[in-house]
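Have a look at the structure below before the remarks.
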Amino acid sequence: MCGIVGYTGNEQAAPILLDGLKRLEYRGYDSAGLAVRDGGALAEVVKATGKLQHLADKTDQGRALPGMCGIGHTRWATHGGPSMVNAHPHVSGNCSGSGSGTVESDVVGVHNGIIENFSELKEKLLRHGYVFYSDTDTEVVVKLVDYYYKKYKIGPVDAITRTMVRVRGSYALALMFKDYPNEIFAARKDSPLIIGTAENASFLASDVPAILKYTRSVYYIDNLQVARVSPGSVKFYDLNGDEVTLPLTEITWDAAAAEKSGYEHFMLKEIHEQPAAVRDTLNSIIKDGDIVLTETGLTDEVIRSLSQIDIVACGSAWHVGMAAQYVIEDLAKLPVRVELASEFRYRSAPMPENTLVIVISQSGETADSLAALRVAKERGALTLAVVNVIGSTIAREADHVLYTLAGPEIAVATTKAYSAQLAAMDALAVRMALARGQISREEYGHLIEELGTIPDKIRRILEDKERLQWFSSKIANAHDIFFIGRGLDYAISLEGSLKMKEISYIHSEAYAAGELKHGTISLIERGTLVVGVLTQSGLYEKTVSNMMECKSRGAYLMGVTTNGNFDVEDSVNFAVYVPRTDEHFVSSLAVVPLQLLGYYTSVSRGLDVDKPRNLAKSVTVE
Ligand code: G6P
């Protein structure tokens, strides 16, 4: 994963780099480093383990590192554990210790991705006298670039393209060469990288929020391209070293959206942004009371021709797929398979003709989802990406895109992007139902109206968050929590459980309520918390029975249900109500108390809510 940044211009680079890294810290936070050049041949490299704040303290918030050209990195360890020596930047020259200090190396670089054949390349470089001080694949790439640069006496662009031909894997690389004091060279394959320009300054970063404060004009460098970044201008080259032209894209995201705006954590802010995220996403699809999918290429004719839908995604986006499966199957009567992208890509499941593969991804960069998309295209499926980040790789490679309009999401645990995805998939399901003649125009109109009420209903749930805050403080010492539900309620339980475990570190599991008795119920002890999701009227009593089975074995029960089901209080110890709405869409509401439960539990335990241990927001490795 990792986050990389770069700056060259007429201001001091280090504070700008640190500011950018702060906004990318969600991508990795086990160590960080900077390399800054002050016009001359030398680069000053500073690294620190742990949170970015350590690096900021070590450099006096960047003030101790003079220079107007630099690169920075925040790391999520893959090759080599988290340590000073493995932290980036890495240098081509020989150095002792951690690789920090003033270095006169020909090449200094940072990298996001994984170089698969790094051991073989390292052997080669060792034979040529290179000495390695870290365990990282990045140091190998930096030294390989240096090797070609010197061996063939070619310029940086050609040295980089030669390296790109030799390495296998994924990378976003930012490199500085001793002989080119004000320039940064970048290359990319399957790891995200954008380049922004402003007057007299250029920026590079793994993601938009890192540079939003300085510019909105960005280039999306393509796979297997190289960029030569100078103050205020950028040139791009293909693998042959020929110059190519890329379009400049204007980012419409508001810079304030990447700030906490008074909230204690990004996650809480993003939970509160859900009404807007859902509303904006729906407004982009629903025009004058009609769901318009023309831009996604899904005409009614295409929809009618479909024989199957495969939804492929990872993490919470996969949970959205699980929920959408129930809605699409029920409304549009179309078979839906939901696959984890990391499994789908290695299976050879037959794909009937006219299969639509929908890849759901907030970042549009998740390595497994991207690979699954490519597999689907190879097998001849029509592909649709439901993506939040404009211009991301998945968005660019899919046949069609449906953008969610959640804005930048910073907290590692997704909330508003999840809700926006859910709303987009619900709207898709409704249009599919109409196109396939499964609902009347009148029902169609009614469902659209219901969708339109979701943002305000989410807002109402958020107004009552103090009860959840109180309850979370009571359960903060729990060891195990089980989330159960049937049908759509099971899909929501999956997300509720993930929110809980990823940020509170409390072990939690989601189970289809009916499945509990086939093994898991043996884990229920006195006081074990079981959270039942009870929004589907046809399944309500069955799930309540399963909860009672747990209660009779000592479980403590929380129920999330819809307004009016007050009899739930006869069974559960703590009840939460969400407004009534069409049951196909109620998952958008039921998930909110579960997000708050995870959030407040994490806060009660004094944890770093926005940056939970071992996780990264955008998983660009397999
Ligand atoms: C990571 C994030 C999750 C996210 C998943 C898929 O694990 O922590 O919140 O759901 O990746 O990410 P994507 O960007 O593809 O939606």
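Just follow the structure's listing: the first ligand is 1, and inside any ligand the first atom is 1. Owing to the predicted nature of the structure, the values given are computational and were not obtained by experimental measurement.
- Looking at L516 and I484, their side chains come closer than 4.5 Å, going by heavy atoms from C-beta outward.
- For the pair R613 and Y505, the cation-pi test (distance below 6.0 Å, angle within 45°) is passed.
- With sequence neighbours excluded, the residues that form a side-chain contact (heavy atoms from CB on, under 4.5 Å) with N283 are R279.
- Exactly one residue among E495, K499, Q274 makes a side-chain hydrogen bond (donor to acceptor under 3.5 Å, both in side chains) with Q595. That residue is Q274.
- Listed by chain and residue number, L340 satisfy the side-chain contact (heavy atoms from CB on, under 4.5 Å) test with E343 (two or more places apart in sequence, or in another chain).
- Close contacts between ligand 1 and V412 involve ligand atoms 8 (O), 9 (O) [criterion: under 4.0 Å to a heavy atom].
- Proximity to S361 (heavy-atom distance under 4.0 Å) selects the following atoms of ligand 1: 13 (P), 14 (O), 15 (O), 16 (O).
- Aromatic ring centroids of Y263 and H272 lie under 6.0 Å apart.
- Residue Q362 has at least one heavy-atom neighbour below 4.0 Å for each of these atoms of ligand 1: 13 (P), 14 (O), 15 (O), 16 (O).
- Of all the atoms in ligand 1, the ones that sit under 4.0 Å from a non-hydrogen atom of T414 are 9 (O).
- The residue among S316, G364, S392 with a heavy atom at the shortest distance from atom 4 (C) of ligand 1 is S316.
- Contact atoms of ligand 1 toward A317: 10 (O), 16 (O) (distance under 4.0 Å to a heavy atom of the residue).
- Residue C314 places a heavy atom less than 4.0 Å from ligand 1.
- At under 3.5 Å, a nitrogen or oxygen of T366, whether backbone or side chain, sits near a nitrogen or oxygen of ligand 1.
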